[in-house]
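Numbers restart at 1 for each chain; the letters A, B, ... are given by sequence-line order, proteins then strands.
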Amino acid sequence: MARMSVVTRFAPAPTGRLHVGNIRTAVHNWLWARKHGGRFLLRLDDTDRERSREEYAAGISEDLAWLGLAPDEEHRQSARFGRYEMALARLREAGRAYPAYETAQELELKRKVQLGRGMPPVYDRAALDLTDGDRARLEAEGRRPHWRFRLDHDAPIKWNDLIRGLQHFDPALLSDPVVRREDGSWLYMLPSCVDDIELGVTHVVRGEDHVTNTALQIQMFEALGAPPPAFAHEALLVGSEGKLSKRLGSLGVDAMREAGIEPAALVAKLARIGTSLPVEPVISAAPLIESFDFATFGRAPARFDLDELAGLSAKIVHQLPFDAVAERLPAGMGPADWLAVRPNLRKVGEAGDWWTILHGHVETKAAEEDRPVVAAAVEAARGIDWAAEPWRQLVAAVKERTGASGKSLFLPLRRALTGRDSGPEMAALLPLIGRDEAVARLEAAL
RNA sequence: GGCCCCAUCGUCUAGCGGUCUAGGACGUCGCCCUUUCACGGCGAAAACACGGGUUCGAUUCCCGUUGGGGUCACCA
């Protein structure tokens, strides 16, 4: 029998743009599916009509595409309400769902009292004691019920988490989750289970903020007559200051894209951060897919540092071939220009500056003390064979005429020729600037 | 407060009783290359939270303390 193929899913709520935490689980789900030749699903958890917005749904797809994490299928919970309705009906028949009439305020008060007494704020199941008469009376008063899933307090919950190992939960310490609001809208818990079952999800990879949800959902899967999928809960990311930062939460992909971060850098970083594998500046996802392994995941929160990401991104830029960046370069910039300039870039966008330095017009004024060197360069430039390592010849000639060397030799020439104090190797730049323009720039600097 | 995780260089981590004078990666520093800067190459410095046990022997096992993270919603 063929091995059951892997199906993973990324299930964001379209209530905002993707951010680092989100993307990390998306990357891991994607890597796991790719590694096993399975499918990676995008499921929009848009049961919350108030907050879900179409523009965010579009933004999420856009962000995933930019990162190269194309989903194999897309689903929306808003299109599946009928399925949830059926599942709830089955749960009711099985005695695993019951109506409750407390208001949000009443529940809030109960929790406060419990907390005040040092008790865990678990729902007291008062609604379970309601008689038919009670319910009829409440309904007559105009109250509508919300629905809770009834946990089986006698069935200890356990699963073998791919990252956290054996997990045990006592259902008596958990509240029966509300699955449907009194207005008929759905909460996350049940739809997620139904979808995972019906879409054939085999591995649920998500943050550890979901561990107790998993405990609840495992009973839900069983109540629905389906074997639960495998679970992997990864430790969350924290900001570089150590605390879980709000800033991290708002670090959106769109912002990073605008900041010039390479998508490959983000994927490489997020694939490996918090694992025992080194974060490497890889251009292709292939090595990330091949090495992906839940066993390498640490269980402590890892720090995400934007500066580190920027450094990784720079290293990736240094490796990017011309074809990979051509459409982001100024029109007319060719492979030779890119290769000459690439090692000095932190972002692809900076190539534009060098493009104008290479082929535009540069005019500088040499400092008084630099003039002899520049003057010597003007003379020397005329006698140079520009077809053969002109920079080496130029430097040698100027050195011979002026006696200058090292920095006092190089800096004046770099300034006169490029208008900058630093940049790519002059030996690579000079041939691209060309003889006539180089001479013009040197003369202009005098 | 209850429950669940976690605690090794600045950061991410390896380590699953002696092999640890604790390994790797990022960063940092130094050197080399380039007759400048950057890029690249090489090398160095840098850590077992604390207190009790268990043991012939603890980074490794147990307990506690401290610290960090998560969760306990009619959010997802």
(message) Heavy-atom nearest nucleotide on RNA chain B for A:Arg272 versus A:His168: which residue maps closer to 5'?
(response) A:His168
(request) Have a look at A:Thr103 and say if it touches a base, only the backbone sugar-phosphate, or nothing, with a 4.0 Å heavy-atom cut-off. (result) base
(message) Classify the ring geometry of A:Trp186 against A:Tyr84: parallel below 30°, tilted from 30° to 60°, perpendicular beyond 60°.
(response) perpendicular
(message) If I take atom CG in residue A:Asp209 and atom C1' in nucleotide B:rC3, what distance separates them, rounded to the nearest angstrom?
(response) 16 Å
(request) Pick the C1' atom in B:rC20 and in B:rU59, then give their distance to the nearest Å. (result) 8 Å
(request) Measure from CD on A:Gln217 to P on B:rC72 and round the result to the nearest Å. (result) 13 Å
(request) Using the P atom on both, measure B:rC75 against B:rC61 and round to a whole Å. (result) 42 Å
(request) Write down the partner of B:rG1 under the Watson-Crick or G-U wobble criteria, each distance required to be under 3.5 Å. (result) B:rC72
(request) Look at all strands and tell whether A:Pro343 reaches a base, only sugar-phosphate, or nothing, counting heavy atoms closer than 4.0 Å. (result) sugar-phosphate
(request) Within residues 151-158 of chain A, find the residues that approach RNA chain B with a heavy atom at under 4.0 Å, and present them sorted by residue number. (result) none
(message) In this structure, how many angstroms lie between the P atom of B:rG40 and the CG atom of A:Asn344, rounded?
(response) 11 Å
(message) Mind checking if A:Glu108 touches a base, just sugar-phosphate, or nothing, with heavy atoms under 4.0 Å?
(response) nothing
(message) Quick check: A:Trp32 with A:Phe40 (ring centres under 6.0 Å apart)?
(response) no
(request) Pick the P atom in B:rC50 and in B:rA58, then give their distance to the nearest Å. (result) 15 Å
(message) Please classify the nucleic acid contact of A:Ser405 as base, sugar-phosphate, or nothing, using heavy-atom distances under 4.0 Å.
(response) base
(message) In whole Å, I'd like the distance from the CZ atom of A:Arg164 to the P atom of B:rC6.
(response) 7 Å
(request) Could you tell me whether A:His318 contacts a base, only the sugar-phosphate backbone, or nothing, with contacts defined as non-hydrogen atoms closer than 4.0 Å? (result) sugar-phosphate
(request) Could you tell me whether A:Arg43 and A:Asp196 make a salt bridge, using a distance below 4.0 angstrom between a side-chain N and a carboxylate O? (result) yes
(request) Validate the cation-pi geometry between A:Arg181 and A:Trp147: distance from NZ or CZ to the six-membered ring centre under 6.0 Å, angle to the ring axis within 45°. (result) no
(request) Measure from the side-chain heavy atoms of A:Asn213 and tell me the nearest of B:rC3, B:rA76, B:rU36. (result) B:rA76
(message) Need one value for A:Leu312: base, sugar-phosphate or nothing, where a base atom within 4.0 Å counts as base even if backbone is also close, heavy atoms only.
(response) nothing
(request) Please check the phosphate of B:rA76 (OP1 and OP2 only) for any side-chain N or O of A:Thr47 closer than 4.0 Å. (result) yes
(message) With the six-membered base ring of B:rA76 as reference, does the ring of A:His210 sit under 5.5 Å away with planes under 30° apart?
(response) yes
(message) Taking only side-chain N and O atoms of A:Arg181, does any of them lie within less than 4.0 angstrom of OP1 or OP2 on B:rC74?
(response) no
(message) I want to check something: taking the side chain as every heavy atom from C-beta on, are A:Leu162 and A:His203 in contact at a cut-off of under 4.5 Å?
(response) yes
(request) Could you work out the separation of B:rG27 and B:rG64 based on their P atoms and round it to a whole Å? (result) 41 Å
(request) Give one of base, sugar-phosphate or nothing for A:Gly406, where a contact means two heavy atoms less than 4.0 Å apart. (result) base
(message) Return the pairing partner of B:rC61 with a 3.5 Å limit on both distances, Watson-Crick or G-U wobble; otherwise return none.
(response) B:rG53
(request) May I ask you to decide whether A:Lys347 forms a salt bridge with A:Glu262, counting only side-chain N to carboxylate O separations under 4.0 Å? (result) no
(request) Can you tell me, in whole Å, how much space there is between the P of B:rG17 and that of B:rG51? (result) 24 Å
(message) Whole angstroms only, please: what is the CZ-C1' distance between A:Phe304 and B:rG27?
(response) 15 Å
(message) So, OP1 or OP2 of B:rA76: does either fall under 4.0 Å of a side-chain N or O from A:Arg51?
(response) no
(message) I'd like to know if A:Glu106 pairs up with A:Lys110 as an ion pair, taking the criterion as any Lys NZ or Arg NE/NH1/NH2 lying under 4.0 Å from an Asp or Glu carboxylate oxygen.
(response) no
(message) By nearest atom, which of the nucleotides B:rC74, B:rG69, B:rU35 is closest to the A:Pro301 side chain?
(response) B:rG69
(message) For B:rU28, give the paired nucleotide (Watson-Crick: N1-N3 plus N6-O4 or O6-N4; G-U: N1-O2 and O6-N3; both under 3.5 Å), or none.
(response) B:rA44
(request) Look at the side chain of A:Ala300 and decide which nucleotide, out of B:rU36, B:rC6, B:rA76, has an atom nearest to it. (result) B:rC6
(request) For nucleotides B:rU11 and B:rG1, find the distance between their P atoms and express it as a whole number of Å. (result) 27 Å
(request) Could you tell me which non-hydrogen atom of A:Arg206 sits nearest to which non-hydrogen atom of A:Phe231, and how far apart they are? (result) NH1-CE2, 3.9 Å
(request) State which of B:rU13, B:rG40, B:rA76 makes the closest approach to the side chain of A:Ala302. (result) B:rU13
(message) Between the side chains of A:Lys112 and A:Glu108, is the shortest nitrogen-to-carboxylate-oxygen separation below 4.0 Å, so that they form an ion pair?
(response) yes
(message) Just to be sure I understand the rule, does A:Lys269 reach a base, reach only the sugar-phosphate, or reach nothing, if contact means heavy atoms closer than 4.0 Å?
(response) nothing
(message) Output the rounded distance in Å from CD (A:Glu280) to P (B:rG27).
(response) 12 Å
(request) State whether the distance check finds a donor on one side and an acceptor on the other, under 3.5 Å, for side chain A:Asp48 versus base B:rA76. (result) no
(message) Which nucleotide, if any, forms a Watson-Crick or G-U wobble pair with B:rU66, using both distances under 3.5 Å?
(response) B:rA7
(message) Can you check the distance between B:rC5 and B:rU19, where both ends of the measurement are the P atom (answer in whole Å)?
(response) 30 Å
(message) Nearest to the side chain of A:Gln167, heavy atoms from C-beta on, is which of B:rC4, B:rU36, B:rA73?
(response) B:rC4
(request) Quick one: label A:Leu115 by what it contacts on the DNA or RNA (base, sugar-phosphate, nothing), any heavy atom closer than 4.0 Å. (result) base
(message) Rounding to an integer number of Å, can you tell me how far A:Leu216 CG sits from B:rC4 C1'?
(response) 13 Å
(message) Does A:Ala396 reach a base, just sugar-phosphate, or nothing at all? Heavy atoms under 4.0 Å.
(response) base
(message) If you only use heavy atoms from C-beta on, which nucleotide in B:rA76, B:rU34, B:rC6 is closest to the side chain of A:Glu425?
(response) B:rU34
(message) Side-chain N or O of A:Lys315 versus OP1/OP2 of B:rG27: is the shortest distance under 4.0 Å?
(response) yes
(request) Rounded off to whole Å, could you give me the CD1-to-C1' distance for the A:Ile163 and B:rG69 pair? (result) 15 Å
(request) Could you measure between the two C1' atoms, the one in B:rG69 and the one in B:rC26, and give it in whole Å? (result) 23 Å
(message) Taking any heavy-atom pair under 4.0 Å as a contact, classify A:Arg148: base, sugar-phosphate, or nothing.
(response) sugar-phosphate
(message) Taking the basic N atoms (NZ, or NE/NH1/NH2) and the acidic carboxylate oxygens, is any pair closer than 4.0 Å for A:Arg76 and A:Glu54?
(response) yes
(request) Assign A:Val395 to base, sugar-phosphate, or nothing according to its heavy-atom contacts below 4.0 angstrom with the strands shown. (result) base
(message) Please determine whether a side-chain nitrogen of the Lys or Arg among A:Arg143 and A:Glu102 lies less than 4.0 Å from a carboxylate oxygen of the Asp or Glu.
(response) no
(message) Quick check: on RNA chain B, is the nucleotide nearest A:Leu173 upstream (toward 5') of the one nearest A:Pro424, or the reverse? Name the residue that is more 5'.
(response) A:Leu173
(message) Can you see if the side chain of A:Arg111 gets near the phosphate of B:rA73 - specifically, an N or O under 4.0 Å from OP1 or OP2?
(response) yes
(request) Just name whichever nucleotide pairs with B:rU36, Watson-Crick or G-U, keeping both distances under 3.5 Å, else none. (result) none
(message) Among B:rU71, B:rG69, B:rC74, which nucleotide has an atom closest to any side-chain atom of A:Thr212?
(response) B:rU71
(request) Report yes if some heavy atom in the side chain of A:Arg164 is under 4.5 Å from a heavy atom in the side chain of A:Phe297; otherwise report no. (result) no
